Amino acid sequence: YGVTYGNGLFVAVGDAGEIIVSPDGVNWTEVTGYHRSVIRAIACANGLYVASGQPMNHAYSSFPDFTTLASSNGVDWVVSTTNLPTMNDLAGFGRVVVGVSGGCIYSTTNGFGWTSNCVSPNTLRGVGSGKGKFVAVGDAGRIYTSANGFDWSDHSMATASNFNCVAYGNGQYVAAG
């Protein structure tokens with residue numbers, strides 16, 4: 001479902017709680033011993049990796065249910081929250097990781113303590129970062145920006161189009177539906 005790069009390591013996440021790592025993007029090693037929640041998103045900021053999972057009820061697993069995991073090296077993971085919603089997307093920049101779910105934007109500097117900012121009447125589906133700014137996008141042309149990941153400004157468009165993702169490159173942001 002997602003891949004991030006930080007501290008010289010690619011980290012990818014997916015179905016059944018799988019987390020795999022690679023120093024070169026070619027050779028991959030699985031680092032999770034538990035296979036439980038689907039991990040929907042991952043990001044890295046300042047050496048902190050954060051992954052968001054969709055909780056599942058499996059009585060046979062000894063690993064606790066989670067909504068976010070945190071790691072300082074991409075290999076060793078700990079449950080950081082059990083009460084957040086599953087994030088549609090995560091992005092990291094500077095010392096902040098930002099996630100979007102429903103109409104809310106969630107921000108953390110350590111993976112454990114989160115600040116919520118419910119800014120949108122519509123579902124937010126993607127978040128990206130670049131050039132010192134976070135951009136969150138969603139349904140009905142919703143666009144929000146932040147320089148610090150905590151304070152958000154509305155730049156929504158009057159359109160019925162939904163934005164599912166946003167990326168930064170070559171000096172500009174691009175949102176797609």
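Keep in mind that this is a model prediction, so the values were computed, not measured. Residue numbers start at 1 and run along the sequence shown.
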Main-chain N/O of [Y] paired with [X] side-chain donor or acceptor, under 3.5 Å:
X      : Y      : result
Ser72  : Leu48  : no
Asn162 : Gly177 : no
Ser101 : Thr86  : yes

Distance, nearest 0.5 Å, that separates CG of Asp154 from OG of Ser120: 8.0 Å
Point-to-point distance, once rounded to the nearest 0.5 Å, from OG1 of Thr123 to CG of Asn164: 10.5 Å
Note, [X] side chain near [Y] side chain (heavy atom, < 4.5 Å):
X      : Y      : result
Ile143 : Met157 : yes
Tyr168 : Lys131 : yes
Val119 : Leu124 : yes
Ile105 : Tyr144 : yes
Lys133 : Tyr173 : yes
Val11  : Trp77  : yes
Val31  : Ile20  : no
Val79  : Leu69  : yes

Atom of [X], atom of [Y] and distance for their closest heavy-atom approach:
X      : Y      : result
Asn7   : Tyr49  : CB-OH, 3.9 Å
Phe150 : Thr109 : CZ-CG2, 4.0 Å
Gly92  : Ala45  : CA-CB, 3.9 Å
Ile39  : Glu18  : CD1-O, 4.2 Å
Leu90  : Val127 : C-CG1, 3.7 Å
Val96  : Ser107 : CG1-CB, 4.4 Å

Without hydrogens or angle criteria, can the side chains of [X] and [Y] be said to hold a donor-acceptor pair below 3.5 Å?
X      : Y      : value
Asn110 : Thr108 : yes
Ser80  : Thr68  : yes
Thr81  : Asn83  : no

Do the side chains of [X] and [Y] join up, straight or via other hydrophobic residues, at under 4.5 Å, putting them in one cluster?
X     : Y     : value
Val21 : Ile42 : yes
Tyr5  : Trp28 : yes
Leu9  : Ile19 : yes

Residues Arg125 and Asp139 bridged, charged N to O under 4.0 Å: yes
With Arg40 via side chain to side chain donor-acceptor pair (under 3.5 Å) - residues at least two apart: Tyr1, Gln54
Parallel, tilted or perpendicular: rings of Trp114 and Tyr106 (30°, 60°): perpendicular
Parallel, tilted or perpendicular: ring planes of Phe134 versus Trp152, cut at 30 and 60 degrees: tilted
Full working for side chain to side chain contact (heavy atoms under 4.5 Å, CB included) between Met87 and Val50: CA-CA 11 Å; Met87 302 294 171; Val50 176; over 6 Å; no
